[in-house]
Every structure is written in C-alpha cells, then in structure tokens.
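The next block holds one structure in the form of structure tokens; read it before the comments.
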Amino acid sequence: MKLASFNVNSVRKRAPNLLRFLDREAPDLVVLQELKCRTEEFPALELQGAGYARHVLGQKGGRNGVAILTRGESELLADRLPGEDEDEQARFLAVAWRGITVAGLYLPNGNSGGAEGLAYKWRWMERLRAWAAAQLDAFAPLAILGDFNVCPTDADLAPGALPPEDALVHPQTRARWRALTHLGLTDALLALHPEEPPFTYWDYGSAFEQNRGLRIDHALLSPELAERLEGSGVDTAARAEESPSDHAPVWITLAG
DNA sequence: ATGCCTTGATAGTCAAGA
C-alpha cells in the first residue's frame, strides 16, 4: 500500500493539483499540510467517489491546517500534540487505519516570532518525541508523515540554500531530529536513497529548474513498518505543474 | 544573497512561508 504526504500551500488554491496527484499516484492514505482554511472551508473534492474518507483540522488565518485522507474509514486518535495545553495551532492529526497508527504533522517553521518562535519549534519537536516514544512503548506500528521543517544534514539542502543560523538547519533543530529518529524510527526516503536523498521543496522562482531545493518533508517508520518498506520517492511531476505548491508530495510503499 | 514569489487577511500593504 502507498502512503503520501503533501504540503499543498492552500488546499483551496491547490485542489486541482491534489486531485491530479490522487489520480496519478493513487495513494491509499495521504496527509496534507498548510490547508490555509477553516475546517468548513475544505473544498468539496470528488474524494468520496474516489473512495477517500477524511479527517480535517482547519484554522482561520495563518498557514496551519492539516488533514488525513484514507481509502476506507479511519479512527481519529488525536487532533493535537500533547504536552502544551495552550497550543491551539492546527498542526497534528493521528489516526488508526488498517492496523497501523499514522500521524500527519506540520511542524513549526521557527524562523518567525523571534526567540519565542524558535523555542516553540523546539518544544514542539520534544513533544513529538515524547508522543512517538509512547506509541513505540505500546508497540503500535507507527508512521509519522508530514512537513517537518527540518533538513536533517547538509546533504538535505542545496549548498548555500539557507544561512547556517536558519531554523531548518540549526544545530539544536538537528539535535532534536536525531533525538526523535534515535527512538528507532526509519527515515524512509533516506533509507532507500542514501547516496542522494531527494529534495521535497523548492522555492518559487527559479529554484526548481536549478534543483536548488530542500529535503524537509519526511516519512518516519517504526521497526515493523520499516521491514515492510518497499519503495519511497518524491513526486516531482507535481512540482513541475502549472501553479504548483512549493512542496512536492513524498510517497512510500509498504508490503501488504 | 535575498522571501527574488505566493497566499491570505485586509483594504494598501503586510506577515509568513523556507
């Protein structure tokens, strides 16, 4: 089966792109980020006809908003990341689906809001680590997909694409990424493309044609799902379309 | 090197994205 993550940069603006992606790649599950709309404003897509059910968590204003589309029904497990009760940002969903737990997330960028904005990103990453650790302790087969806003190493960005103090490449951001993956999670894109992990984001303008990109959208798998990993990739066709998102979808295929 | 483009909220610009 195929799972995917797509930061659409406005689901209303990108509804045609999303439908083309679903038609082309036929994922069984896709997590969406940057809906940029309220829950009730999520566009009336032809999803039910294509066999997709959905959980949508929108938010007015800002860039947030996440959703999970599944072939067949799924059970909503969480619509917020535990650990910070006052955090109202729509960035996290988790569902139970076909015997696995799937989280879809939009991790804070961390470059706005000054020191507090960066601190929020790092707290969010620590909360994610704690949540993932609890899932693994309970032996839940776990897949975490989304826009992590983290370039894990210097191989994950074009040289000079970001200044060294950027929140996406900051040493403390990378340390928190390692604390997460070192729980025993497999980076599915890296595992199958270790020599040249593909980029998932290219700035608007000439970045895509110059392949001046970043790898910030990720799929992390618990050990039992990593053993089922058959393929992974980036749907660059979606980024090459007219009026694209600045992100391309990431997909993985699992046996069974 | 930089939000160089893009979007949404809002009413001419501005913040935020990465």
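Convention: sequence-line order gives letters A, B, ...; per-chain numbering from 1.
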Requested in this report: Take Asp217(A) and Thr200(A), measure what side-chain hydrogen bond (donor to acceptor under 3.5 Å, both in side chains) needs, and give me the verdict at the end.
Outcome: CA-CA 6 Å; Asp217(A) 301 272; Thr200(A) 67; 2.6 Å; yes
Query raised in the report: Taking the six-membered ring of Tyr106(A), is NZ or CZ of Arg91(A) closer than 6.0 Å to its centre and within 45° of its axis?
Result: yes
Query - Arg54(A) to Phe42(A), cation-pi by 6.0 Å centre distance and 45° axis angle - result: no
In whole Å, what is the span from the [atom1] atom of [X] to the [atom2] atom of [N]?
X: Arg215(A); N: dA18(B); atom1: CZ; atom2: P; value: 16 Å
X: Asn111(A); N: dA16(B); atom1: CG; atom2: C1'; value: 10 Å
X: Gln89(A); N: dG17(B); atom1: CD; atom2: C1'; value: 13 Å
X: Asn64(A); N: dT7(B); atom1: CG; atom2: P; value: 17 Å
X: Gln210(A); N: dC5(B); atom1: CD; atom2: C1'; value: 14 Å
X: Asp217(A); N: dG17(B); atom1: CG; atom2: P; value: 15 Å
X: Leu214(A); N: dG3(B); atom1: CG; atom2: C1'; value: 12 Å
X: Lys36(A); N: dG17(B); atom1: NZ; atom2: C1'; value: 7 Å

Requested in this report: With the side chain of Arg14(A) defined as its heavy atoms from C-beta on, choose the nearest nucleotide among dA18(B), dT6(B), dA16(B).
Outcome: dT6(B)
Report task. Would you mind telling me which of dG3(B), dG17(B), dG8(B) lies closest to the side-chain atoms of Glu34(A)? Result -> dG17(B)
Is there a side-chain polar atom (N or O) of [X] under 4.0 Å from OP1 or OP2 of [N]?
X: Tyr106(A); N: dA18(B); value: yes
X: Asn109(A); N: dA18(B); value: yes
X: Asn149(A); N: dA18(B); value: yes
X: His247(A); N: dG17(B); value: no
X: Ser10(A); N: dG8(B); value: yes
X: Ser112(A); N: dA15(B); value: no
X: Asn7(A); N: dA18(B); value: yes

Query raised in the report: Which value, in whole Å, describes the distance between the P atoms of nucleotides dA16(B) and dA1(B)?
Result: 25 Å
Requested in this report: Could you measure between the two C1' atoms, the one in dC5(B) and the one in dA18(B), and give it in whole Å?
Outcome: 12 Å
Report summary line: Per nearest nucleotide of DNA chain B, the residue lying toward the 5' end, Gly160(A) or Leu35(A), is Gly160(A)
**Report entry** First encountered from the 5' end of DNA chain B, between Leu107(A) and Arg63(A)
**Finding:** Arg63(A)
Query - Lys/Arg N to Asp/Glu carboxylate O, Arg24(A) vs Asp235(A), below 4.0 Å - result: yes
Query raised in the report: Is Arg123(A) salt-bridged to Asp87(A), going by a charged N under 4.0 Å from an acidic O?
Result: no
Base, sugar-phosphate alone, or nothing: which one does [X] contact when heavy atoms must sit under 4.0 Å apart?
X: Asp147(A); value: sugar-phosphate
X: Arg38(A); value: nothing
X: Phe208(A); value: nothing

Requested in this report: Hey, can you tell me if Phe208(A) and Trp202(A) have their rings parallel, tilted or perpendicular (30° and 60° cut-offs)?
Outcome: perpendicular
